[in-house]
Amino acid sequence: MKITLAQAMGTCFGVQDAIDMALDPAFKDRLTIVGQLVHNPQTTERLKANGVRIVERDQVDQITTEAVMITAHGASDGTKQMLRDKGFTVYDATCPLVIRLHKLARFLEREGYFPVVIGEASHVEVRGVVGNLRSAVVVHDEADIDQLQGHRRIGVVSQTTNRPEMVQRLLAAIRAKPWVEDMRFCDTICQPVKERQQAIEVLLGQDIDLGIVIGGRNSANTRKLQELIADRGIEVHHIEDPEHLEDAWFVGKKHVGITAGTSTPQDVIEAVHARVRAIIAAQPAA
Ligand code: SF4
């Protein structure tokens with residue numbers, strides 16, 4: 001059985017920079033991260049082992065350090081100010097591509113467009129963007145578009161991890177509404193995410209018959225990599241670490257493709273790759 005690793009996968013620069021900031025020795029035992037810095041259990045454990053505390057956004061009252069960190073997904077200015085007002089020193093690990101998303105959403109609003117964010121309303125990145133706008137609608141599927149009734153000039157941005165074809169489908173549906181006179185779209189899907197999605201297309205072009213996608217269960221971009229493979233009717237499994245691999249998945253398969261989301265560390269990818277090799281080696285010859 002052949003194994004192919006995706007040409008682009010694993011930790012992106014935004015996540016890596018945020019991890020490096022949190023693991024700076026100057027912060028040892030004196031930093032609290034508000035929310036998950038990355039959607040990856042191994043990295044979260046590594047941070048805790050280095051004395052970094054992690055609280056959810058509704059647990060701010062439990063923070064006991066003076067230094068707090070905003071995650072790579074960003075936050076609204078209101079959230080950052082609320083933390084400063086409580087006396088914390090705020091260190092901002094927001095990814096530059098998320099900052100760009102915030103800026104473009106505000107630019108569209110300033111230009112007189114009604115802002116629309118294509119994405120998941122509950123996702124921390126989307127909540128941060130919406131929190132910086134006077135008013136906005138989050139569109140995740142066609143049914144959400146009816147909330148735009150009466151808005152003739154629509155300015156659209158996308159959550160950074162969306163699939164381009166999903167965004168294009170929703171843009172066409174918005175444009176088709178009779179009340180929409182002018183629609184402007186700023187493409188804010190991030191380049192590392194696009195590269196990881198394009199690498200899946202390359203894998204699919206090589207006739208894989210099994211996909212292994214590595215990443216946190218709550219990682220939006222990892223789930224989308226899995227969807228890309230599943231949409232072609234190919235068996236695919238989303239795992240967080242090598243222990244989740246099951247020997248039975250590999251029986252009778254010819255070509256396995258491996259990929260990983262933007263917050264999956266290289267050592268986890270290597271451990272999964274090694275375990276896949278071991279499972280295949282232990283199978284009886286066909
Ligand atoms: S996935 Fe893209 S937007 Fe998100 S942290 Fe990585 S580089 Fe930044």
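Atoms within each ligand, like the ligands themselves, are counted from 1 in listed order.
Here is the list of ligand 1 atoms found below 4.0 Å of a heavy atom in V193: 1 (S). Close approach of ligand 1 to P192 (heavy-atom distance below 4.0 Å) involves ligand atoms 7 (S).
In this structure, H123 and H73 have perpendicular ring planes: the angle between them is above 60°, well past the 30° mark.
Of the residues listed (K86, K80, M82), the one engaging R84 in a side chain to side chain contact (heavy atoms under 4.5 Å, CB included) is K80, and it is the only one.
When the options T160, T262, N221, I189 are ranked by their closest heavy atom to atom 3 (S) of ligand 1, first place goes to T160.
With hydrogens left out, the protein atom closest to atom 7 (S) of ligand 1 is C12 SG, 3.6 Å, a heavy atom. The shortest contact between atom 8 (Fe) of ligand 1 and any protein heavy atom is with C95 SG, 2.3 Å.
When atom types are taken as modelled, the side chain of Q42 and the backbone of P265 share no donor-acceptor pair closer than 3.5 angstrom.
Between T11 and V15, the shortest heavy-atom contact is CG2-CG1, 3.7 Å.
No side-chain heavy atom of D231 sits less than 4.5 Å from a side-chain heavy atom of E165.
Put simply, C190 gets within reach of atom 2 (Fe) of ligand 1, with an N, O or S atom under 2.8 Å from it.
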